[in-house]
Number of protein chains: 2
Amino acid sequence: MTKQDPTLDALFQALADPTRRAVLAHLASGPAPISDLAAPHDMALPSFLRHITVLEEAGLITSRKSGRVRTCKLAPARLREIEAWLTPYRPLWTREKPRYSQLAKSLYAKPSGT
Amino acid sequence: MTKQDPTLDALFQALADPTRRAVLAHLASGPAPISDLAAPHDMALPSFLRHITVLEEAGLITSRKSGRVRTCKLAPARLREIEAWLTPYRPLWTREKPRYSQLAKSLYAKPSGT
DNA sequence: GTCTTGCTTAGTCATGGGGCTAAGTATCAT
DNA sequence: ATGATACTTAGCCCCATGACTAAGCAAGAC
């Protein structure tokens with residue numbers, strides 16, 4: 001509409017896959033090497049690595065290689081952006097009456113919906 | 001990992017497109033007919049309609065046809081599911097210390113990360 | 001040095017997503 | 001009845017995604 005937001009695109013896109021969400025859930029219990037993350041997923045390693053790359057490009061995880069092991073950890077800042085995107089809509093389900101006009105105002109204030 | 005969640009897939013997928021997020025933002029100011037929604041988007045109508053279909057299949061909007069006009073409205077329940085999915089991760093950015101173990105517990109309790 | 005481990009790169013393939021045009025159908029206006 | 005309006009369906013095109021195998025490479029074990 002007014003402005004595109006490619007980073008939000010990548011963010012939601014990254015979350016639109018069960019393997020990738022599972023990786024995030026796994027990483028929620030702390031950093032882990034690729035092989036640990038891959039173990040539960042019945043998938044060839046290169047295929048799995050693509051998912052890791054997608055998550056990293058979306059900014060949802062970071063990784064560092066030490067020796068021959070690459071360790072991944074969650075980068076929760078991006079999840080916070082989803083929360084932020086969600087915020088203007090929240091009145092819609094927390095109140096009985098939608099209060100559309102107020103909502104429109106907050107959506108126009110910062111065009112996070114575009 | 002344990003169980004797939006196709007509806008979460010569709011939900012995030014639907015949000016991974018700026019046109020579709022713009023439609024949601026538009027609908028936040030109240031129900032609107034297709035043509036109103038389509039107007040700001042420089043796109044052929046059939047292409048735009050696909051987006052509407054995706055949103056509707058994801059459960060993010062509903063629509064009813066009356067006469068020759070189809071009117072769409074937001075269905076915020078699905079947005080709430082995103083909020084729910086986000087919930088177990090929220091401690092990660094609201095506290096300084098991650099408290100990984102607690103988080104893992106809540107993620108295993110209901111496998112919303114799969 | 002040789003072998004194993006843990007990624008990494010390269011290349012292929014099938015499917016699906018997002019765009020288009022063209023043509024169809026059902027209302028509503030005149 | 002005619003014509004405009006508001007979708008709707010059908011079909012095509014291209015590129016991105018998600019999977020695979022095969023082969024490469026660097027680090028650690030022995």
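Treat the numbers as computed from the prediction; the structure is a model and nothing was measured. Chain letters run A, B, ... following the sequence lines, proteins first and then strands; every chain starts at 1.
B:Ser47 comes within 4.0 angstrom of a base, heavy atoms only. Using a 4.0 Å heavy-atom distance criterion, A:Pro33 is classed as making no nucleic acid contact. Counting non-hydrogen atoms under 4.0 angstrom, A:Ile34 reaches the backbone sugars and phosphates but no base.
When rounded to the nearest whole Å, the span between NE2 of A:His41 and C1' of D:dG18 equals 14 Å. Atom pair B:Lys65:NZ and C:dC28:P shows a separation of 10 Å (rounding to whole Å applied). Here the C1' atom of nucleotide D:dA16 and the CG atom of A:Asp17 are 14 Å apart, to the nearest Å. Between the C1' atom of D:dT17 and the CD atom of A:Glu57 lies a distance of 13 Å, rounded to the nearest Å. Nucleotide C:dG11 holds its C1' atom 13 Å from the CZ atom of A:Arg50, rounded to whole Å. Protein atom CG of A:Leu15 is 15 Å distant from nucleotide atom P of D:dT17, rounded to whole Å. Rounded to an integer number of Å, the gap from CG of B:Leu55 to C1' of C:dG17 is 14 Å. Atom pair A:His51:NE2 and D:dG18:C1' shows a separation of 6 Å (rounding to whole Å applied).
Once rounded to the nearest 0.5 Å, the distance linking CD1 of B:Ile82 with CG of B:Leu11 reads 4.0 Å.
Ranking D:dT21, C:dC20, C:dC7 by closeness to the A:Leu45 side chain, first place goes to C:dC7. The side chain of B:Arg70 lies closest to D:dC7, out of D:dG28, D:dC20, D:dC7. Closest to the side chain of B:Arg68, from the set C:dC20, D:dG28, C:dC28, is C:dC28. In the set C:dC20, C:dT8, D:dC7, the nucleotide with an atom closest to the side chain of B:Leu49 is D:dC7. Residue B:Val69 has its side chain nearest to D:dA6 when only C:dG19, D:dC20, D:dA6 are considered.
Checked by atom type, the side-chain pair B:Arg64/B:Thr71 shows no donor-acceptor distance below 3.5 Å.
Ring to ring, A:Tyr89 and A:Trp85 are close: their centroids are under 6.0 angstrom apart.
Ring geometry for B:His51 versus B:Phe48: interplanar angle over 60°, hence perpendicular rather than tilted (30 to 60°).
Of the residues near DNA chain D, A:Gln13 and A:Gly67, the one whose nearest nucleotide (by heavy atom distance) lies more toward the 5' end is A:Gln13.
Phosphate proximity of D:dT5 to B:Ser35: absent, as no side-chain N or O sits under 4.0 Å from OP1 or OP2.
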- Item | Test salt bridge (charged side-chain N to carboxylate O under 4.0 Å, His left out) applied to B:Arg78 and B:Glu83, step by step | CA-CA 9 Å; B:Arg78 300 309 307 286; B:Glu83 175 115 86; over 6 Å; no
